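Treat the numbers as computed from the prediction; the structure is a model and nothing was measured. Numbers for residues simply follow the sequence, beginning at 1.
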Amino acid sequence: MELVIENLRAGYGKVQVLWDVNLRLAEGEFVAVIGANGAGKTTTLRAVSGLLRPGGGRVTLKGQDLTRLSPTQIVKLGLGHVPEGRELFPGMTVLENLELGASIRDEARTRKNETLAQVQELFPRLAERRSQLAGTLSGGEQQMLAVGRALMSCPKVLLVDEPSLGLSPLLTQTVFRALKAVNATGVGVLLVEQNVMQSLQLAERAYVLENGRVVNEGLGRDLLTDPSVREAYLAL
Ligand code: ATP
């Protein structure tokens, strides 16, 4: 197993949000986490990437315990995070944002030019806009840049938080297709989405999160036809 999340608990102050969440991602797997607003999807990713200190449980990446490490140490071990809201540096150019993505890991710095070429191949738009300030990009372009910047760290596993947020259906397709292409290069992808139909089509496996608990899991295509999923998330 590449990424193992065991009995993860997390919250904000006295408010517990995650209750013993268990998730697994095999090497090179594409897994989705679906759930309604406030189910705890973002909180799960933040607790895995060290942005939020878990209150209990364990997270391991290739057997290495991440649970008490800093976000920087976690990136160094090969976990990339595309956070909700993208968190780009608006006053820096596209190229500068991408280069920053490679700055934390030694192996990423060594392979910077090679990775940059791959990212620009994946997102030709970023190559065209390389000298433009990130803050002036369109929403879709910013999302591509956020994914591209995370890829610059040469992650083994990429956590992606709600990339379709605020994007047109067409741009959502572009970003999803890019994630599939990233996954095809061997990078494991853990995708959090409210866009249930598309993420279940995209992912091999998925987990359903409700009120901070995993209530269902299975193959993406099986969950698409699961009556409880169809009723709660697909309004069918
Ligand atoms: P969405 O799809 O709406 O982003 P989500 O599944 O990602 O939802 P989370 O963002 O993980 O949900 O939020 C889970 C719960 O934690 C919500 O009830 C939310 O109000 C609460 N929460 C999130 N961030 C904070 C915070 N910084 N302080 C206090 N409570 C928070």
Around atom [atom1] of [X], are there more than 12 heavy atoms of other residues, nucleotides or ligands at under 6.0 Å?
X      : atom1 : result
Arg109 : CZ    : yes
Asp20  : CG    : yes
Glu27  : CD    : no

* Checking side chain to side chain contact (heavy atoms under 4.5 Å, CB included) against Asn216, which of Val229, Asp222, Ile34, Leu209 comes through? -> Val229
Residues two or more places apart in sequence or in another chain: which of them pass salt bridge (charged side-chain N to carboxylate O under 4.0 Å, His left out) with [X]?
X      : answer
Arg46  : none
Asp226 : none
Arg221 : none
Glu2   : Lys62

* **Stepwise side-chain contact (heavy atoms from CB on, under 4.5 Å) test for Phe123 and Gln143** => CA-CA 11 Å; Phe123 297 114; Gln143 194 56 262; over 6 Å; no
Using a 3.5 Å distance criterion without hydrogens, assess whether the side chain of [X] forms a donor-acceptor pair with backbone atoms of [Y].
X      : Y      : value
Arg105 : Cys154 : yes
Ser164 : Thr172 : no
Gln142 : Leu137 : yes

* Atom CG of Leu191 and atom NZ of Lys180: how far apart are they, to the nearest 0.5 Å? -> 10.5 Å
* Mind checking the CG-CG spacing from Asn183 to Leu202? Nearest 0.5 Å is all I need. =>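 If we round to the nearest 0.5 Å, Asn183:CG and Leu202:CG are 8.5 Å apart.
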* If a pair satisfies side-chain hydrogen bond (donor to acceptor under 3.5 Å, both in side chains) and one of its residues is in residues 120-129, list it, with sequence neighbours excluded. => Arg125-Glu141, Arg129-Gln132
Ignoring hydrogens and angles, write down the donor-acceptor pairs under 3.5 Å from the side chains of residues 71-84, residues two or more places apart or on other chains.
from	atom 1	to	atom 2	distance (Å)
Gln73	OE1	Ser70	N	2.8
Gln73	OE1	Ser70	OG	3.3
His81	ND1	Ser49	OG	2.8
Glu84	OE1	Thr42	OG1	3.4

* Do Leu159 and Val187 belong to the same hydrophobic cluster, where Ile, Leu, Val, Met, Phe, Trp and Tyr are linked whenever their side-chain heavy atoms lie under 4.5 Å apart, directly or via other members? -> no
* To do: Report the C-alpha separation of Met152 and Leu116 in whole Å, then their side-chain angles, then the decisive distance to 0.1 Å, and conclude whether the side-chain contact (heavy atoms from CB on, under 4.5 Å) test is met.
  => CA-CA 7 Å; Met152 289 298 293; Leu116 189 61; 4.1 Å; yes
* **Audit row: Leu200, Val196, side-chain contact (heavy atoms from CB on, under 4.5 Å) steps and yes/no** => CA-CA 6 Å; Leu200 290 182; Val196 172; 3.8 Å; yes
* Any side-chain donor-acceptor pair under 3.5 Å between Thr43 and Tyr12? -> yes
* To do: Could you check Leu8 against Val59 for side-chain contact (heavy atoms from CB on, under 4.5 Å), going step by step and ending with a plain yes or no?
  => CA-CA 8 Å; Leu8 186 66; Val59 180; 4.0 Å; yes
